[in-house]
Amino acid sequence: MSLVSGPGKGGHVAGAVPNELRLVIDNHVSYIQSLDTRKDELEYWLTEHLRLNGVYWGLTALHLLGHPNGLPRDKTIDFVLSCQHDNGGFGAAPGHDAHMLYTVSAVQILATVDALDDLDKRAKVGKEKVGKYIANLQDLNTGSFAGDEWGEMDTRFVFGAFLALSLMNLLDTIDVSKAVAYIQACANFDGGYGVSPGAESHSGQIYTCVGALTIAGRLDLVDKDRLGGWLSERQLPNGGLNGRPEKLEDVCYSWWVVSSLAMIDRIHWIDRNKLSAFILRCQDTDKGGISDRPGDMVDVFHTHFGLAGLSLLNYPGLEPVDPA
């Protein structure tokens, strides 16, 4: 899956959504399916470090659009397995170093196409080795997780570990209680969560922390009203959402913010219609794809998160999505 941007741009810079502007499902499907045909473009190779993530974003978008067979299943599985290392982890593409984030995407892809058993049947190593790779990245003193052997710590990695291990039924291989305590240490006075203890609140990190607490069954630890207030303040007059105060709106926060609100039952605290209209204005209605904001180039990252946000908003024609 290519991370090449364009060729189209999101349209309708401002104003109300015209009556004819609706979700162009068939165009989005065609756009996603065309991405891997652009191997003659430099950007295709410059984004190789995101290849496995891109497959997940494209595949999930197709499922949300009601086209689960939009990518060839066997070739998708083959590519995922070609990215695996002997230690159980996965890299972004064949030959790339193993990392937590790519390992999570690999597990998500295999789960989505009902092929997790292929880890035991066809992969270099099976599910238990994948689980061990993830578990070995946990710092048993703090409960946090590193992204890889070099030791970068981030709440994204805690959530990634919880998500991948839960999909493989291996959550008992890590110290969940200690990881939950680490997440609590990342909580701020405004109800949000940061990348590490003391770091400012950010919508993306809030999603990872609330998502991890959801998987662990510990949403009782979240100050839902305070967090819901902070998240609802991310909506700007044009309907879009930003990641933190004084920043521009971006379609990707249609997922990070709305999914967090959904998990704490506060999704009704934002104007759903204005957000839906903002996402629709970011479509390239001719060639498909969604951009970060109207007037910018479309890409598979924002296409995925825009569609996921619309699904959370119960937009007609899309399959439902789990906010965690």
Side-chain angles (χ1 to χ4, degrees), residues 5-6 8-24 28 61 64 188-195 199-210 222-286 288-318 321 323:
S5 58
K9 293 183 179 181
H12 300 280
V13 175
V17 179
N19 290 332
E20 70 273 13
L21 182 55
R22 295 291 182 266
L23 188 66
V24 289
H28 291 317
L64 292 172
N188 292 319
F189 70 92
D190 54 17
Y193 298 83
V195 67
E200 71 170 316
S201 296
H202 186 281
S203 298
Q205 304 304 142
I206 288 170
Y207 165 75
T208 63
C209 291
V210 175
V222 179
D223 187 336
K224 296 179 181 179
D225 284 345
R226 189 179 293 271
L227 176 57
W230 190 92
L231 289 168
S232 64
E233 289 175 353
R234 306 279 60 77
Q235 189 162 37
L236 301 178
N238 63 9
L241 301 164
N242 63 17
R244 51 197 170 113
E246 304 301 322
K247 296 296 182 179
L248 292 175
E249 70 284 351
D250 190 316
V251 157
C252 68
Y253 294 113
S254 305
W255 171 256
W256 310 121
V257 173
V258 179
S259 58
S260 299
L261 287 170
M263 286 185 277
I264 62 173
D265 299 318
R266 300 294 187 277
I267 198 171
H268 56 288
W269 285 17
I270 60 169
D271 189 323
R272 300 158 73 125
N273 291 331
K274 287 187 71 173
L275 177 56
S276 294
F278 170 76
I279 298 171
L280 292 174
R281 286 199 301 272
C282 295
Q283 295 181 107
D284 178 351
T285 54
D286 294 327
I290 298 175
S291 61
D292 58 350
R293 58 185 64 89
D296 288 347
M297 301 288 278
V298 303
D299 58 67
V300 70
F301 175 87
H302 290 95
T303 301
H304 162 74
F305 287 114
L307 293 171
L310 287 173
S311 175
L312 286 172
L313 297 170
N314 297 317
Y315 191 87
L318 292 175
V321 64

| message | So, using side chain to side chain donor-acceptor pair (under 3.5 Å) as the criterion, who are the partners of Ser201 when residues are at least two apart? | response | Asn188, Asp190
| Which heavy atom in Ile264 sits nearest to a heavy atom in Val210, and how many Å separate them? | CG2-CG1, 4.2 Å
| note | Here the gap from Tyr193 atom OH to Thr208 atom OG1, rounded to the nearest 0.5 Å, amounts to 10.0 Å
| Under 3.5 Å, is there a donor-acceptor pair between the side chain of Ser291 and the main chain of Val298? | no
| Does the side chain to side chain contact (heavy atoms under 4.5 Å, CB included) test come out yes or no for Ile270 and Leu231, once each step is laid out? | CA-CA 9 Å; Ile270 60 169; Leu231 289 168; over 6 Å; no
| message | For the OG atom of Ser260 and the CG atom of Leu227, what is their distance to the nearest 0.5 Å? | response | 6.5 Å
| field | Residues that Asn238 engages under side chain to side chain contact (heavy atoms under 4.5 Å, CB included), provided they are two or more places apart | value | Leu236, Glu249, Phe278, Arg281
| query | What residues form a salt bridge (Lys or Arg N to Asp or Glu O under 4.0 Å) with Glu233, not counting sequence neighbours? | reply | none
| message | So which atom in Trp255 and which in Ala308 form the shortest heavy-atom distance, rounded to 0.1 Å? | response | CE3-CB, 3.5 Å
| said: With side chain to side chain contact (heavy atoms under 4.5 Å, CB included) as the criterion, how do Cys252 and Phe301 come out once you've worked through the C-alpha distance, each side chain's angles and the decisive distance to 0.1 Å? | reply: CA-CA 8 Å; Cys252 68; Phe301 175 87; 3.6 Å; yes
| query | Partners of Tyr253 by side chain to side chain donor-acceptor pair (under 3.5 Å), sequence neighbours excluded? | reply | His202
| field | Interatomic spacing from CZ in Arg244 to CD in Glu200 - rounded to 0.5 Å | value | 4.5 Å
| query | At what distance, to the nearest 0.5 angstrom, does SG of Cys282 lie from CZ of Arg293? | reply | 8.5 Å
| Derivation of the side chain to side chain contact (heavy atoms under 4.5 Å, CB included) call for Leu310 and Ser276 | CA-CA 6 Å; Leu310 287 173; Ser276 294; 4.0 Å; yes
| message | Minimum heavy-atom separation for Ser203 and Val257, please, with both atom names. | response | OG-CG2, 3.5 Å
| Smallest separation among heavy atoms of Tyr207 and Ser259, with atom names | CD1-OG, 3.0 Å
| Over all atoms of both residues, closest heavy-atom pair of Gly194 and Cys209 | O-SG, 4.4 Å
| Taking all non-hydrogen atoms of both residues, which atom of Leu23 and which atom of Leu318 are closest, and how far apart? | CD2-CD2, 3.6 Å
| query | With sequence neighbours left out, what residues match Asn273 under side chain to side chain contact (heavy atoms under 4.5 Å, CB included)? | reply | Asp271
| task | Could you tell me whether the side chain of Ser311 and the main chain of Leu307 form a donor-acceptor pair under 3.5 Å? | result | no
| query | Strictly by modelled atom types, are Asp250 and His302 linked by a side-chain donor-acceptor pair under 3.5 Å? | reply | yes
| task | Calculate, to the nearest 0.5 Å, the distance between atoms CG and CZ belonging to Leu312 and Arg272 respectively. | result | 9.0 Å
| With sequence neighbours excluded, residues passing side chain to side chain contact (heavy atoms under 4.5 Å, CB included) with Asp223 | Asp225, Arg226
| query | Can you name the side chain to side chain contact (heavy atoms under 4.5 Å, CB included) partners of Val24, sequence neighbours left out? | reply | Asn27, His28, Gln283, Thr285
| Is a side-chain N or O of Thr303 found less than 3.5 angstrom from the main chain of Gly289, in a donor-acceptor match? | no
| remark: Taken to the nearest 0.5 Å, the spacing of Leu241 CG from Leu275 CG works out to 5.0 Å
